[in-house]
Amino acid sequence: MSSNDLDGRFAVVAGGSKGLGLATARRLRGAGAAVVTIARTPPETADPLFVRADLSTPEGASAAAAAVTERGGVPDVLVHVTGGSRAPAGGYAALDDHLWQEELGLNLLPAVRLDRALVPGMVARGSGAVVHVTSIQRRMPLHDSTLAYAAAKSALATYSKGLANEVAPRGVRVNSVAPGFIRTDGAEHLLARRMSEGGITREAALGDLMQVLGGIPLGRPAEPEEVAELIAFLVSDRASAVTAAEYIVDGGTIRTL
Ligand SMILES: NC(=O)c1ccc[n+]([C@@H]2O[C@H](COP(=O)([O-])OP(=O)(O)OC[C@H]3O[C@@H](n4cnc5c(N)ncnc54)[C@H](OP(=O)(O)O)[C@@H]3O)[C@@H](O)[C@H]2O)c1
């Protein structure tokens, strides 16, 4: 399902080489946008506008912003998908300063740095749409191995709201999307880590994850394309009055208001 509502637009998807980011880049291209993707490794299928950068470092983010500007000028659309968790199991006590820095460096600071470089051009032009991908863990933190990740996503959601309030009067819309369990490489890596740390099968690791989530009322994880569909709506003119909002895509996992 696609429309041409992004014809002629220039879009950037940070973390666009795999999983949700790849699905988002494909969806935005399908709607007519020219899309730059940024990641440390190129996507499997050729992507002429790909930018290789490590967004967890200030140098990587600033080189990526320069490459984006060189490829297409000021973006119309900026989607921050970069993120994930590499911390071990063991609860809060297993998270030393280095791990905290890593989780904040991957889940909060890439968006902060890229926005600081690219949003001023949108503000000067008076138009643009930004989406930050957070996680339901920002409202429902799982403490066994992803507490620092959850806290970083929470900070990202707070930052997103504040930025949205600041730039709305200048014509730039900023929203956040909080996914639950999505079937991606990133989710498979999380399961693989639980398997090796617990010496358990994939089925058992998946069962444990479902248990801590309290199940998914819809009965299944989301496909990356289902989350990409929401992002494509938010960055299009169809969402022209939507800003400073958070959308949850979790099949009903969060049971509370
Ligand atoms: N999957 C889920 O169940 C789930 C649930 C809630 C929230 N989320 C969030 O949704 C987003 C996407 O998740 P996903 O499962 O699609 O992840 P994924 O499959 O691991 O893909 C992550 C993307 O970010 C890039 N990336 C990772 N580290 C990077 C770095 N240092 N610099 C530049 N790019 C980097 C990856 O490419 P390279 O590795 O080549 O750099 C890849 O393109 C993340 O923010 C995640 O926290 C996912």
Side-chain angles (χ1 to χ4, degrees), residues 12-27 35-45 47 50-65 67-68 79-87 101-114 131-142 145-146 148-157 159-160 176-194 205-206 209-210 212-213 216 220-228 230-231 246-251 253-254:
V12 178
V13 181
S17 66
K18 285 184 236 169
L20 172 58
L22 180 62
T24 302
R26 285 187 176 142
R27 179 63 182 80
V35 181
V36 165
T37 57
I38 310 170
R40 292 165 305 172
T41 43
E44 277 169 15
T45 47
D47 178 351
F50 174 74
V51 171
R52 185 194 291 265
D54 181 349
L55 291 172
S56 69
T57 69
E59 300 75 26
S62 117
V68 163
V79 185
H80 298 278
V81 188
T82 315
S85 176
R86 298 180 192 140
Q101 298 285 2
E102 265 196 4
E103 300 288 89
L104 290 163
L106 184 60
N107 291 289
L108 172 64
L109 294 175
V112 169
R113 291 179 180 132
L114 267 189
V131 170
H132 297 112
V133 173
T134 62
S135 163
I136 55 167
Q137 285 212 48
R138 87 118 182 135
R139 289 181 49 182
M140 192 180 127
L142 304 181
S145 61
T146 49
Y149 166 82
K153 290 295 196 184
S154 188
L156 180 61
Y159 157 77
S160 184
S176 64
V177 169
F181 188 2
I182 323 168
R183 251 173 18 104
T184 64
D185 289 351
E188 276 306 321
H189 289 143
L190 183 70
L191 287 178
R193 232 177 42 224
R194 284 172 169 255
L206 184 58
L209 181 59
M210 284 300 177
V212 288
L213 287 175
I216 302 176
R220 63 174 179 83
E223 296 299 325
E225 291 72 21
E226 293 176 302
V227 184
L230 173 62
I231 294 172
E246 176 183 53
Y247 286 80
I248 293 169
V249 193
D250 70 348
T253 305
I254 294 183

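Note that ligands are numbered from 1 as they come in the structure, with each ligand's atoms numbered from 1 the same way. These numbers come from a predicted model, not from an experiment.
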Open item on the list: Going by the rule side-chain contact (heavy atoms from CB on, under 4.5 Å), which residues pair with A155 if we only count those two or more places apart in sequence or in a different chain?
Closed with: L108
Task: Verdict with supporting geometry, I231 and R27, side-chain contact (heavy atoms from CB on, under 4.5 Å) - done: CA-CA 9 Å; I231 294 172; R27 179 63 182 80; over 6 Å; no
Task: Step-by-step side-chain contact (heavy atoms from CB on, under 4.5 Å) determination, L55 to H80 - done: CA-CA 11 Å; L55 291 172; H80 298 278; over 6 Å; no
- [ ] Could you list the residues that satisfy ring pair (Phe, Tyr, Trp, His ring centres under 6.0 Å) with Y159, not counting sequence neighbours?
- [x] H132
TODO: Kindly write out the residues that satisfy side-chain contact (heavy atoms from CB on, under 4.5 Å) with A205, not counting sequence neighbours, or none if the list is empty.
DONE: L191, R194, M195, I200
Task: L142 backbone acceptor or donor facing Q137 side chain under 3.5 Å - done: yes
- [ ] Using heavy atoms and a cut-off under 4.0 Å, could you grab the residues that are in contact with ligand 1, chain by chain, numbers ascending?
- [x] G15, G16, S17, K18, G19, L20, A39, R40, T41, A53, D54, L55, S56, V81, T82, G83, G84, R86, L106, V133, T134, S135, Y149, K153, P179, G180, F181, I182, T184, D185, G186, A187
